[in-house]
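Shown next, in structure tokens, is the structure this report addresses.
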Amino acid sequence: MRTRIGIIGAGPAGLFLAHLLHRAGIESVIVETRSRAAVESTIRAGMLEDWVVRLLRAMGLADRLDREAHFHDGVSLQVGAVRQHLDLAGLTGGKQVTIYAQHEVLKDLIAARLADGGEIRFEAHVTALDGIEGDSPAIHFTEAGDARRLDCDFIVAADGFHGPGRDAIPDAARREYQKVYPFGWLGILCHAPRSWPELVYARHEDGFALLTTRSDAIQRLYIQCEPADPIEAWPDARIWDALHRRLATPGWSLTEGAIFQKGIIPLRSFVCETMRHGRLFLAGDAAHIVPPTGAKGLNLAVADVRVLARAFERFYAYDDAAGFDTYAATALGRIWKGERFSWWMTTMLHRDPSETDFEHRIHAADLAYVMGSTAAQAALAENYLGLPFTD
Ligand code: DHB
């Protein structure tokens, strides 16, 4: 098999890239370890930056999003029992918070890619990448037990934090930065009506809580927990008890419902600045992870491939490889700002058992400042809904 761009991973980075390349007349093949059903049902965050929504519309891929997504003019911040609305639309010239689950975006991108005649090989397990330092790299993988080889001009590893792509870059060539947080998130989906018209981010002495939505009948909620907690440590009654305590505000109560999905994730910040090695490029979670507070993961992944697609276009249309040399630096400018914002939202809103009393009070003051200052809210709004592009 042969293609121009071999993409590992049918997540947001890989699928957006395949679509952007297709629009530029550049063919690609995606190899994805999981089944289509697994990709389309993996529960992740659900907040899209304004420009991502506009990009989907410009690509003709937003019909279902426009029918089914939830558009909010702001979010609520809460400290103790005090809940406050932030008018994000008013602070950003009308940009809205778009809630549309990541796996719904993936369903739309997969269906459209296949309808365009694009090739996505599901349940294809990468065994090796070779030739990335030469001119003719290849992805070796197995499919139903058979060994296969995809020869390509370039490989893009959009295969997530645990994928094989990043490991193909020699250790000595890799520059990486990491912070692991001493807490995790427990996320649930439940059958319940909406309790509040917008997202609520709450800081509480017991730990963080977030109320978000999926539809009129399905709600998504998160609470800070111990990262090593087994899910069995959180029977439904304990989850609801924690949510009621952390989200309590006078004259309001959270509506409970049957929990039908729950899981715990650790929180981590990570950046591999070496986003290119020879003919291998990293994009999305393969190169960087953010803690979920603020839901920047998908948005940063799409921003990477926006830069990368242009570099490929420049190469194939004008035989100009300069975009490859500047890819990492251009993408990292936005990535580090996303890392900063996600870290800031996380430290401001969580109860960190390892922080000093001084740091605890500084983080409380950070939130008090945001809740009392229009200037601080404008900075939050700009980051939350998507920083302007400088390239
Ligand atoms: C969602 C998740 C987040 O981490 C966030 O900051 C906002 C929304 C969500 O799943 O809807």
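We number each residue from 1, following the sequence as shown. When a ligand or atom number is given, it counts from 1 through the structure's own listing order. All heavy atoms count here, side chains included; hydrogens, waters and symmetry mates do not.
Not a single heavy atom of Met345 sits less than 4.0 Å from an atom of ligand 1.
Using a 4.0 Å cut-off between heavy atoms, Trp185 contacts ligand 1 through its side chain alone, with no backbone atom that close.
Nearest-residue assignment for atom 6 (O) of ligand 1 (options Tyr384, Tyr201, Tyr222; heavy-atom criterion): Tyr201.
Side-chain contact of Thr213 with Arg194: a donor-acceptor pair under 3.5 Å is present, judged by distance alone.
At least one donor-acceptor pair closer than 3.5 Å links the side chain of Arg279 to the backbone N or O of Asp153.
The protein heavy atom nearest to atom 4 (O) of ligand 1 is Pro292 O, 2.7 Å. The nearest protein atom to atom 8 (C) of ligand 1, hydrogens excluded, is given as Leu199 CD2, 3.6 Å; this is a heavy-atom distance.
Taking the charged nitrogens against the carboxylate oxygens, Glu68 and Lys107 have no contact shorter than 4.0 Å, which rules out a salt bridge. The pair Arg174-Asp171 counts as a salt bridge, with a side-chain nitrogen and a carboxylate oxygen less than 4.0 angstrom apart.
Between Phe324 and Phe154, the distance separating the two ring centers is shorter than 6.0 angstrom.
Just one of Ile30, Leu21, Val29 meets the side-chain contact (heavy atoms from CB on, under 4.5 Å) condition when paired with Ile5; it is Leu21.
At least one N/O-N/O distance between Gly294 and ligand 1 falls below 3.5 Å. At under 3.5 Å, not a single nitrogen or oxygen of Thr213, backbone or side chain, sits near a nitrogen or oxygen of ligand 1.
Remark: ligand 1 atoms within the under-4.0 Å shell around heavy atoms of Ala45 are 2 (C), 10 (O).
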